[in-house]
Structure formats: C-alpha cells, structure tokens
Amino acid sequence: SADINKGIDKLLSFLVKWLCMHILAEDMQLVASLLKKPVLIPPLKRSNRVLLGAVDKLYDLLAEQQAQLVKFYKQQAELSEARFKMVAEYSYDAEIWVDSTGEIIWCNKAGERIIGYSFAEYRSNKNEIQHALYDQENYNYREKLLNDALNGIEHTDEQLCLTRRDGTLCWIESNWQSLFNEQGQVYGVRISARDITKRKQQEDKLNLFRFVIDNADDAILIVDVETAKIVDVSQRACLDLGYSVDELMSLYVYDINTTLTNLVQWKEHVAEVICDTSYIFRDIHRRKYRTTYPVEISARRVCFNQKHLVVGIARDITARVHQEHRESLRNEALSLLAKGHTQAVILNRIVSGLEAWLSDCSATIDILDDNNISDIENNINSTPESNARDLREQPNINTSSNLKPSWSRLIINSHDKVLGILSINGPNNWAPSADELNAIDVSAQLAG
C-alpha cells in the first residue's frame, strides 16, 4: 500500500545492510589478497557460493518485480489520463485551465462551445479574442477572479456575461480554483463554467412578471386550498393590508378576511370556485391594525406543481362603495321628496345617513331665520372667495357630552341662498378625510 519508490528504497537499504553484515569480511580478505603479490586465491567455500548465488537471484527477482511495477503504474497512469480526458472532453460543463499569466493551457470541447472559438484559435489570438469576449466591466471582474484564485482565494457561482463569436450574449456561472504543482505552489487556475443563458433569460422574464405584479394597482394573494395558508403576495397587498411580505406569508386567509373565521369555512367558501374559472365577489379585508375596508375579489382556482391554489386579485373599492352609498342616500332623499314627505323627515334621513357614514360622529341641521341668513350672506359677499370657503367650513358651536364641534357646511339652495348649517361633532382632534368631506358636501347639497 506504500509508495512504490519508497518501498524499493527501504528494500534496497535492507539488502545493503544485510550484505555488509554477512560478506563484508570475506570481501576485505579478497581485496587484501589482490593487493599483495599474486597468489593463488583459494576457492570459495560452498556456503559462500550459495550465499552469493542467492543474493544474485534476489537482485534479479527485485529488478524484474520493479520493472513489472513500473510498467503497471505507467499503464494505470495512462489509463487514468485517458479516462480524465474522456470525461473532461465530453463533460457538459466547460473546463478551462489557465496559467499565472491568464493564458489558457487547456480547454475541453464544452469550453470551445461556450466561447465560440477553438482552443487553437484562442491560443493564436488571445488578446484580441479576450477583448471580443468581455465588455470592460466583465473583463475587469474576470481579472479580479483570476488574481484572487492565484492568491488562493476561491470563488464559486460567479456570473459573467460573454459575447460569442456570432455576437450573441452568453451568461456563464463559474467556479475559480487554484492549481498546485508537486511542491504545493500555485501555478494556475482551474475554471469550471456552465452556460446559464436560458436560465438567465427565464429569470429575467420572471423578474419582469414580478415587477409588473408588484406594481399592479390591485393586490394579488395566492392561497393554499388545503391549508388556507397564504403562500405568496404582491407588494400592493402589503401596502393595502399594512403587513410585510414575511408577515403576510405567515398568516392564513381567514386572518385577513372578516367573513371567514376557520379552515372549515374557508373550504366551504373555496368549493364554490371552479377550477380555471374566475369567481368575482365582494368581501371585507382586515388590516394589520384592525381597520377594515371593502374589496372586490376575482378568484381563480389553479393547480401548480400538483398543489391546488387559489389566486385572488383584490381591489380596494372603498371609493366605489362610498359613491354607491352617496348615490343611495341621494336617491332615497329625492324619493322621499317626490312622495311628498315633510321637510323634517327628509332632513332627518339625510342626517342619519351621514352619521352612518361618519362613524363616531353626530350631525345636526340648523335652519336659519331671515336675520341670521342676511348676516351670513353679507359676510360671504364682503370677503374674498377663499375666506368665503373658510366661513362655510367654520366649526359648529353646538356641543354634546362626548363630542366636540368639528366641522360645518352651509346649506345653500340652487339660487345660492343660504338656508341653514350642517354641523358635525366628532371626537377630539378629529378631521374629516377627503372622502368624508365629499360625503358632507353631498349631504349639504341634498339638504339644500
């Protein structure tokens, strides 16, 4: 199992010592007799002849075995080299070996296929081809990777962009490793590279689709049919619901849907969604901080990677619902007017509708007499338009037990005559939103 050369060295060392111990004395006598005047040399003893013959045969045997071992290991080395070349030459991944100057010293067929040049062409036009392969940014990055590998710093999964011979772009994913000589010194770099152009193109398409989805006006949520767990969301869903991506993907659909409370209800609900058919319905979503808002959902049940999913596109329809509420209130008030109901009934319906719209607020309508109307109209006519708007929005002076004066609108008829004041009392520091202001305006117009 030891190295063949070390084994031979140890064996020869043993034989030399053995010979010295057993026949050195006999040799010294022989030499001494030769240096003297010629004398008859007594014949060797039989035991000495047997010994010398055995040693001679031992040397012949060792020489023959050494020759056989050398031949065997040479054959193994040639076989290993042939196997390596066969595997390397026909490997799908490119194998490129470069020396310390960056010049290619060996390249397999996959490497030639990726770069579009043969090994011989590259060797004869190295500088020209290198600058044709890389733009300046990728060329500088290649030099950095090469220098790092020569200094023992290995890199894995590094992506580079090449320009092939035919002008098409090629993306490669490469590993950079040091090559060592027998003394353990770095003399070059081994580059293993794989063509990932198709994968890169698919990634670019997916990134484009993801960009479009995340910038869509509607929220997109993907839910597992079996578990009701949210498996993916768009950025719009995060903005609408007030969660981060990771937070939403740790929730179940009934955590954000107010009409569902458990898995059983979810499965009953999703059973109505036929596979590959859109199902549109309205629902109420709950934000992270417990406020709610109406949504219109277009849901589709799909099968992806043998997993059943529901893809829901949720649109915030708060403005639409508010508009519908305002239209309903307007139609109801006009219907009461057309049916001849008294002014008090109609105004009370407008106030109750507005209070339902403005949660935690109360509304009142004060009808002004002619003296108050004249004073208000004189003030409006004697001020610029901006101040007139301010006067019409002055807080109401009335108060209630829990609410404070917050906002007012003048009630004006179609002839621009002031008839009264619509007053809103709300909690401390309450101010109407743009949508609530619009509701107040509509109510004042209806009252007028």
Side-chain angles (χ1 to χ4, degrees), residues 205-332 335 353 356-357 359 433-436 438-439 442:
K205 287 182 180 179
L206 288 175
N207 290 334
L208 176 60
F209 288 142
R210 188 78 208 187
F211 176 81
V212 172
I213 289 172
D214 284 339
N215 286 274
D217 290 334
D218 297 333
I220 299 176
L221 299 97
I222 302 176
V223 183
D224 190 310
V225 170
E226 295 301 321
T227 64
K229 190 172 182 61
I230 299 172
V231 297
D232 202 0
V233 295
S234 67
Q235 287 296 325
R236 185 69 204 184
C238 298
L239 292 174
D240 287 350
L241 293 164
Y243 292 95
S244 68
V245 173
D246 292 338
E247 287 174 332
L248 269 179
M249 291 176 63
S250 67
L251 300 178
Y252 295 88
V253 67
Y254 44 78
D255 292 325
I256 63 170
N257 191 312
T258 59
T259 60
L260 302 174
T261 58
N262 54 52
L263 182 60
V264 174
Q265 289 183 347
W266 158 253
K267 289 191 173 182
E268 292 175 352
H269 176 73
V270 82
E272 302 176 14
V273 182
I274 302 173
C275 193
D276 293 329
T277 302
S278 293
Y279 174 55
I280 300 175
F281 59 96
R282 285 190 177 188
D283 220 321
I284 304 294
H285 277 179
R286 183 188 299 109
R287 296 185 180 93
K288 181 178 182 179
Y289 299 106
R290 316 316 292 172
T291 59
T292 59
Y293 64 100
V295 291
E296 182 179 77
I297 300 175
S298 174
R300 179 183 288 265
R301 184 169 176 170
V302 298
C303 184
F304 180 76
N305 285 344
Q306 298 182 340
K307 181 177 287 189
H308 291 279
L309 305 169
V310 170
V311 179
I313 302 176
R315 172 169 294 181
D316 185 345
I317 58 171
T318 303
R320 188 199 307 177
V321 170
H322 289 180
Q323 178 64 29
E324 291 172 355
H325 182 82
R326 288 192 291 268
E327 291 297 328
S328 175
L329 183 61
R330 183 194 302 272
N331 293 337
E332 187 175 354
S335 175
W357 187 262
S359 57
S433 64
D435 190 66
E436 290 171 331
N438 186 268
V442 169

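Computation of the quantities below employed the complete heavy-atom set of this structure, encompassing side-chain atoms and omitting hydrogens, waters and symmetry-equivalent molecules. The chain is numbered in sequence order, starting from 1.
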Nearest 0.5 angstrom please: [X] [atom1] to [Y] [atom2], how far?
X      : Y      : atom1 : atom2 : result
Leu329 : Glu327 : CG    : CD    : 10.0 Å
Asp283 : Tyr293 : CG    : OH    : 10.5 Å
Phe211 : Leu208 : CZ    : CG    : 8.0 Å
Asp240 : Ser234 : CG    : OG    : 8.0 Å
Thr292 : Asn257 : OG1   : CG    : 11.5 Å
His325 : Thr318 : NE2   : OG1   : 13.5 Å

Between Asp224 and Lys229, does at least one N-O distance fall below 4.0 Å, as a salt bridge requires?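 Salt bridge flag = no for Lys229 with Asp224.
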With a 4.0 Å cut-off, would you call Arg210 and Asp232 a salt bridge?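 The answer is yes: the pair qualifies as a salt bridge.
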Would you indicate whether the side-chain heavy atoms of [Y] and [X] approach each other to under 4.5 Å?
X      : Y      : value
Arg282 : Ile317 : yes
Trp266 : Val223 : yes
Val245 : Gln235 : yes
Asp316 : His285 : no

Side-chain donor-acceptor pairs of residues 248-255 under 3.5 Å, sequence neighbours excluded:
unit_1, atom_1, unit_2, atom_2, d
Ser250, OG, Glu247, O, 2.6
Asp255, OD2, Tyr252, N, 2.8

Distance-minimising heavy-atom pair for [X] and [Y]:
X      : Y      : answer
Gln265 : Asn262 : N-OD1, 2.8 Å
Val270 : Val310 : CG2-CG2, 3.2 Å
Ile297 : Ala314 : CG1-CB, 4.1 Å
Ala219 : Ala237 : CB-CA, 3.5 Å

With Ile280, which residues qualify under side chain to side chain contact (heavy atoms under 4.5 Å, CB included), at least two apart? Glu296, Ser298
Working note: Leu221 + Ile256, criterion side chain to side chain contact (heavy atoms under 4.5 Å, CB included); need CA distance, chi angles, decisive distance, verdict. CA-CA 11 Å; Leu221 299 97; Ile256 63 170; 3.7 Å; yes
Kindly check if the number of other-residue, nucleotide or ligand heavy atoms within 6.0 Å of [atom1] ([X]) is above 12?
X      : atom1 : answer
Arg286 : CZ    : yes
Phe281 : CZ    : yes
Asn331 : CG    : yes

